[in-house]
Asker: 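My questions will all concern the structure given below.
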Amino acid sequence: MFISDPDHPSLPHWPTYDNADQGFLRIGESIESAMKYKTEQMKYWEEDISKIWNEWYPQVTTPSGQLKGITKYRGNKPGEGPVKVFYNIPYAAPPVGGLRFAKPQPFGKWSGTRDATKPGPECMQLNMTSLRKSEDCLQLNVFVPISGSQSTNKSVMVWIHGGGYELGSGAMYDGSYLANQGDVIVVTINYRLGVFGFFSLNDSVGKGNYGLWDQILALQWVQQNIAAFGGDPSSVTIFGESAGAFSVSLLSMIPSNSGLFHRVISQSGVAVAPMAFGNSEPATRSVGDIAGCPRNLSSNLFIDCMRKVDANTLHLCQLGYVYRDPATIHQLLEFPPGLDGELFSRTPQYILTHPSTPEHEFFSSLDLMSGTVKTEGSLLAGALIAAAVQNKYNLNVSVGIPTGFMCDNFTTTLVADYFGGNTKVAELICEEHTVRNNLTEQGRRLLDISTDFFFVAPSYIQLGSHSLGNVRAKSFQYVLERQMVTPNPYAGYYPSWYSPPGHADDLYYLFISTELFQFTAPVDIEYARVVMSYWTNFAKYG
């Protein structure tokens with residue numbers, strides 16, 4: 001067997017490899033030495049592909065730790081483009097065990113690079129989306145535009161979702177379009193819901209309002225970390241819809257929140273709305289009865305008992321109580337925030353009528369946008385079409401609403417719930433909204449009662465209090481009346497006489513798509529760009 005040095009004089013020269021010349025032996029029809037094999041292709045693989053990969057999975061180092069996100073592409077028109085998204089960022093320790101029914105505690109720092117490429121779980125609630133449900137749910141998501149300005153001081157918009165304090169999550173909402181359209185950073189958050197978030201015993205053992213405390217801790221996390229994403233912690237706007245609007249409005253009346261945010265947008269809900277604020281102790285005790293924690297237990301024993309109930313079991317007990325009467329026409333929320341002697345020692349109604357209080361002083365220092373949609377009463381329409389309701393009250397909602405039902409059933413129930421059963425109030429509401437011999441118009445007038453009482457009038461009151469003599473901050477009002485062109489998959493849910501837009505239809509003008517529905521008609525998307533521009537301009541300039 002012939003053995004030879006690879007570079008033997010009898011053979012073609014085989015250069016040694018070094019990083020400068022990158023010599024190699026080309027073995028083809030002939031054998032020869034050469035240099036720099038596929039150099040350009042290697043640059044493509046080593047640099048170009050690597051760059052794209054790193055852009056696809058962007059990383060950011062925050063005071064809390066390092067994150068690996070994902071790049072989402074949202075078209076190539078103005079206001080579209082790539083967005084860096086960081087999902088499932090924990091801002092609080094898991095609220096389990098002894099932290100159930102307690103103020104949230106900061107998550108602190110994590111080690112290594114945290115995978116932030118996929119949404120995390122939703123807080124305990126009904127299964128309306130494909131996202132997993134968990135008691136360990138206190139996380140947020142950050143959307144950072146790439147194609148906008150290179151400013152490292154972008155205004156920040158923190159979205160607080162609605163859902164009656166019982167439904168919803170941050171991951172349901174895609175902040176990409178809003179971030180791109182306005183060159184702002186969008187943050188969406190989770191907070192505890194239902195009995196997990198608003199358990200209350202009206203005493204020092206169970207003060208309640210834990211969902212609001214979650215929101216506050218998330219805002220503190222934003223203050224501490226958002227600069228790492230290019231955000232400006234001195235330009236933060238909180239915005240929300242429905243119970244999210246209740247929440248942002250309530251947060252604007254807590255003086256200790258000063259510095260956490262600077263502007264407020266409340267969409268279809270304010271702090272003085274009848275359902276925004278109340279007393280969740282009766283619901284808490286009732287859920288306890290179902291869960292095997294009798295209401296006559298002392299507060300300490302009751303809360304200990306409730307903390308030992310499995311999360312899924314406790315949630316099922318909550319659902320059993322909340323949906324105990326399928327024929328109800330009461331418009332109430334079972335688990336609202338309330339007086340706790342810490343976040344709230346005064347009601348929102350008191351605060352708005354007493355400008356010298358510290359709460360009102362803080363409230364009036366913030367720029368405020370507040371508005372409603374044409375038919376907020378779509379919530380009532382959705383309740384009335386239930387078969388149990390129609391059977392109980394002998395209704396055929398598809399053809400309209402009888403005046404007798406409006407006056408004798410709905411109005412008396414409303415007045416019993418919110419006006420102590422005052423018959424004069426009931427008579428006035430009935431007289432103001434009665435339509436003779438027209439069931440469909442009577443149906444629309446019934447929805448007007450719900451629209452005005454629960455949403456428009458409270459917004460009017462809050463705007464009036466905020467703007468009166470206010471030289472420090474601006475006030476703005478909007479009303480959404482446009483009907484979308486995109487076919488609404490929920491249109492068949494309502495009777496034909498219902499006149500949209502309805503409650504929550506404004507969401508599509510800000511997010512284009514949610515977990516439940518998305519705009520597809522180009523005219524809707526273009527219209528949404530205009531709306532998004534107003535919202536983001538307010539966030540940047542007030």
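All values below come from the heavy atoms of this structure, side chains included, with hydrogens, waters and symmetry mates left out.
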Asker: Locate the shortest heavy-atom distance separating His360 from Ser465; write the atom from each residue and the value.
Answerer: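 That would be NE2-OG, 2.8 Å.
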
Asker: Taking everything shown except Tyr527 itself, do over 12 heavy atoms lie less than 6.0 Å from its OH?
Answerer: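 Count not over threshold, so no.
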
Asker: Quiz question: by atom type and distance under 3.5 Å, do the side chains of Asn141 and Asn88 form a donor-acceptor pair?
Answerer: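 The criterion, which ignores hydrogens and geometry beyond distance, is not satisfied for Asn88 and Asn141.
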
Asker: Give a yes or no answer on whether the side chain of Thr188 reaches the backbone of Gly170 with a donor-acceptor pair at less than 3.5 Å.
Answerer: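 Judged by distance alone, yes, a pair lies under 3.5 Å.
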
Asker: Do the charged groups of Lys154 and Asp183 touch, with an N to O distance under 4.0 Å?
Answerer: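 Salt bridge flag = yes for Asp183 with Lys154.
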
Asker: When you check the side-chain N and O atoms of Glu166 and Gln125, is any donor under 3.5 Å from an acceptor?
Answerer: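 No, no side-chain donor-acceptor contact under 3.5 Å.
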
Asker: Classify the ring geometry between Tyr87 and Phe143 as parallel (under 30°), tilted (30 to 60°) or perpendicular (over 60°).
Answerer: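 Perpendicular: the ring planes of Tyr87 and Phe143 meet at over 60°.
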
Asker: Please tell me if the side chains of Gln105 and Leu217 come closer than 4.5 Å, counting only heavy atoms from C-beta onward.
Answerer: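 Sidechains of Leu217 and Gln105: no contact.
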
Asker: Under the 3.5 angstrom rule, does the side chain of Ser169 hit a backbone N or O of Asn190 as a donor-acceptor pair?
Answerer: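 Side chain of Ser169 to backbone of Asn190, a donor-acceptor pair under 3.5 Å: no, none is there.
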
Asker: Below 4.0 angstrom, N of the basic side chain to O of the carboxylate: do Lys474 and Asp367 qualify?
Answerer: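 Judged by the 4.0 Å cut-off on N to carboxylate O distance, Lys474 and Asp367 do not form a salt bridge.
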
Asker: Does Glu122 pair with Lys133 as a salt bridge, N-O distance under 4.0 Å?
Answerer: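 So Glu122 pairs with Lys133 through a salt bridge.
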
Asker: Would you tell me whether Ser247 and Gln215 have side-chain atoms, one donor and one acceptor, within less than 3.5 Å of each other?
Answerer: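 There is such a pair (donor and acceptor under 3.5 Å, judged by atom type) between the side chains of Ser247 and Gln215.
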
Asker: Verify the neighbour count for atom OH of Tyr460: are there more than 12 heavy atoms of other residues, nucleotides or ligands below 6.0 Å?
Answerer: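 12 or below, so no.
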
Asker: Is it true that a side-chain atom of Asn257 and a backbone atom of Leu260 form a donor plus acceptor pair closer than 3.5 Å?
Answerer: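 Flag not set: sc Asn257 to bb Leu260 has no pair under 3.5 Å.
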
Asker: Looking at Gln139 and Pro121, would you say the former's side chain and the latter's main chain have a donor-acceptor pair under 3.5 Å?
Answerer: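 Side chain of Gln139 to backbone of Pro121: a pair is present.
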
Asker: With a 3.5 Å distance limit and no angle check, can you tell me whether Ser378 reaches the backbone of His503 through a side-chain donor-acceptor pair?
Answerer: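 Indeed, once roles are kept as given, a pair shorter than 3.5 Å links the two residues.
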
Asker: Rounded to the nearest 0.5 Å, what's the gap from CD on Glu359 to CG on Leu343? Could you check?
Answerer: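 The distance works out to 11.0 Å.
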
Asker: Can you name the nearest heavy-atom pair linking Leu212 to Pro337, along with the distance?
Answerer: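 Nearest heavy atoms, Leu212 then Pro337: CD1-CB, 3.7 Å.
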
Asker: Can you tell me how the ring of Tyr350 sits relative to the ring of His354, calling it parallel under 30°, perpendicular over 60° and tilted otherwise?
Answerer: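 Parallel.
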
Asker: Could you tell me which non-hydrogen atom of Phe86 sits nearest to which non-hydrogen atom of Val144, and how far apart they are?
Answerer: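 For Phe86 versus Val144, the nearest heavy atoms are CE1-CG2, 4.5 Å.
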
Asker: Would you say Ser200's side chain and Gly208's backbone share a donor-acceptor pair under 3.5 angstrom?
Answerer: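 The answer is no, because no donor-acceptor pair under 3.5 Å joins these two groups.
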
Asker: Give a yes or no on whether the backbone of Cys137 and the side-chain of Ser134 come within a donor-acceptor separation of less than 3.5 Å.
Answerer: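 Checked: no pair found.
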
Asker: Please verify the inter-ring angle class for Phe454 with Tyr418; under 30° counts as parallel, over 60° as perpendicular, anything in between as tilted.
Answerer: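 Perpendicular: the ring planes of Phe454 and Tyr418 meet at over 60°.
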
Asker: Test: side-chain hydrogen bond (donor to acceptor under 3.5 Å, both in side chains). Region: residues 156-165. Which pairs qualify, not counting sequence neighbours?
Answerer: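 Listed by first then second residue: nothing to list.
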
Asker: Go through the side-chain N and O atoms of Ser533 and Gln181 and say whether any donor and acceptor fall under 3.5 Å apart.
Answerer: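 Their side chains do contain a donor-acceptor pair, which is all the 3.5 Å distance test asks for.
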
Asker: Between Thr113 and Leu67, is there a side-chain heavy-atom distance shorter than 4.5 Å?
Answerer: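 Answer no - side chains too far apart.
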
Asker: I would like to know whether Met532 and Ile512 meet side chain to side chain contact (heavy atoms under 4.5 Å, CB included); could you show each step before the answer?
Answerer: CA-CA 10 Å; Met532 286 189 279; Ile512 305 295; 4.1 Å; yes

Asker: Any chance you could lay out the side chain to side chain contact (heavy atoms under 4.5 Å, CB included) test for Leu201 and Phe199, step after step, and finish with the verdict?
Answerer: CA-CA 7 Å; Leu201 301 178; Phe199 171 106; 3.7 Å; yes

Asker: Does the pair Tyr509 and Phe519 meet the rule for a ring-ring contact (aromatic ring centres under 6.0 Å, His included), with working shown?
Answerer: CA-CA 8 Å; Tyr509 292 92; Phe519 272 163; 5.1 Å; yes

Asker: Taking Arg444 for the side chain and Trp497 for the main chain, is one N or O donor matched with an acceptor at less than 3.5 Å?
Answerer: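 Such a contact is found between Arg444 side chain and Trp497 backbone.
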
Asker: Donor-acceptor pair, distance only, cut-off 3.5 Å: does the side chain of Thr62 make one with the backbone of Asn225?
Answerer: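 Such a contact is absent between Thr62 side chain and Asn225 backbone.
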
Asker: Decide yes or no on side chain to side chain donor-acceptor pair (under 3.5 Å) for Glu376 and Ser268, but give the supporting numbers first.
Answerer: CA-CA 8 Å; Glu376 300 281 6; Ser268 300; 2.5 Å; yes

Asker: Quick one, Val158 and Phe261 - any side-chain contact, counting heavy atoms below 4.5 Å?
Answerer: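 No, their side chains stay 4.5 Å or more apart.
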
Asker: To check you understand the geometry: which heavy-atom pair defines the closest contact between Leu250 and Ala276, and what is its length?
Answerer: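 In terms of heavy atoms, the two residues are closest at CD1-O, 3.9 Å.
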
Asker: Working to the nearest 0.5 angstrom, can you tell me the gap between Asp452 CG and Thr372 OG1?
Answerer: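 Nearest 0.5 Å value for the CG-OG1 distance: 8.5 Å.
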
Asker: Report the relative orientation of the aromatic rings in Phe511 and Tyr173; use parallel for angles under 30°, tilted for 30 to 60°, perpendicular for over 60°.
Answerer: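 Phe511 vs Tyr173 ring planes: tilted.
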
Asker: Rounded to the nearest 0.5 Å, what separates atom CD1 in Ile160 from atom CD in Gln267?
Answerer: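 It is 11.5 Å, given to the nearest 0.5 Å.
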
Asker: Mind running salt bridge (Lys or Arg N to Asp or Glu O under 4.0 Å) on Asp524 and Arg482 for me, showing each step along the way?
Answerer: CA-CA 10 Å; Asp524 286 338; Arg482 179 184 183 270; 2.9 Å; yes

Asker: State, with a plain yes or no, whether a side-chain heavy atom of Tyr498 is found less than 4.5 Å away from one of Leu447.
Answerer: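 Tyr498 reaches Leu447 side chain to side chain.
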
Asker: Could you walk me through whether Arg114 and Gln66 pass side chain to side chain contact (heavy atoms under 4.5 Å, CB included), step by step?
Answerer: CA-CA 6 Å; Arg114 184 178 178 88; Gln66 188 153 352; over 6 Å; no

Asker: Strictly by modelled atom types, are Ser266 and Ser370 linked by a side-chain donor-acceptor pair under 3.5 Å?
Answerer: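 Judged by distance alone, the side chains do pair up.
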
Asker: Just checking, is any N or O donor in the side chain of Ser235 or Ser155 under 3.5 Å from an acceptor N or O on the other one?
Answerer: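 Per modelled atom types, Ser235 and Ser155 side chains form a pair under 3.5 Å.
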
Asker: Return the CG to NZ distance between Leu131 and Lys118, rounded to the nearest 0.5 Å.
Answerer: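 Reported to 0.5 Å precision, the distance equals 12.5 Å.
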
Asker: For the pair Phe277 and Phe344, name the ring-plane relationship: parallel under 30°, tilted 30 to 60°, perpendicular over 60°.
Answerer: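 Ring orientation, 0 to 90° scale: perpendicular.
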
Asker: Does a side-chain heavy-atom distance below 4.5 Å link Thr375 with Pro500?
Answerer: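 No, side chains not in contact.
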
Asker: If I take atom CD1 from residue Ile525 and atom OG1 from residue Thr520, how far apart are they, to the nearest 0.5 angstrom?
Answerer: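 Nearest 0.5 Å value for the CD1-OG1 distance: 7.0 Å.
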
Asker: Any donor-acceptor pair under 3.5 Å linking the side chain of Gln462 with the backbone of Val270?
Answerer: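 Flag not set: sc Gln462 to bb Val270 has no pair under 3.5 Å.
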
Asker: So which atom in Thr117 and which in Gly69 form the shortest heavy-atom distance, rounded to 0.1 Å?
Answerer: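 It is CG2-O, 3.4 Å.
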
Asker: Does the side chain of Ser364 pick up a donor-acceptor pair with the side chain of His466 at under 3.5 Å?
Answerer: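 Ser364 vs His466: no donor-acceptor pair found between side chains.
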
Asker: Taking the side chain as every heavy atom from C-beta outward, state whether Leu507 and Glu241 have any pair of such atoms under 4.5 Å apart.
Answerer: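 When only atoms from C-beta onward are counted, Glu241 and Leu507 do touch, with a gap below 4.5 Å.
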
Asker: Is the Phe229 ring parallel, tilted or perpendicular to the Trp221 ring (thresholds 30°, 60°)?
Answerer: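 Phe229 vs Trp221 ring planes: tilted.
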
Asker: Once you round to the nearest 0.5 Å, how far does CZ of Arg132 lie from CG of Asn127?
Answerer: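 These two atoms lie 12.0 Å from each other.
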
Asker: Between Thr237 and Ala539, which heavy-atom pair has the shortest distance, and what is it?
Answerer: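 Taking every non-hydrogen atom into account, OG1-CA, 3.3 Å.
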
Asker: Tell me which one of Phe476, Tyr478, Tyr541 satisfies ring-ring contact (aromatic ring centres under 6.0 Å, His included) with Trp535.
Answerer: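 Running ring-ring contact (aromatic ring centres under 6.0 Å, His included) over Phe476, Tyr478, Tyr541 with Trp535 returns exactly one hit, Tyr478.
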
Asker: Checking Leu368 against Leu366 for the side chain to side chain contact (heavy atoms under 4.5 Å, CB included) test, could you report, in this order, the C-alpha distance in whole Å, the side-chain angles of both residues, the deciding distance, and whether it holds?
Answerer: CA-CA 6 Å; Leu368 172 68; Leu366 305 164; over 6 Å; no

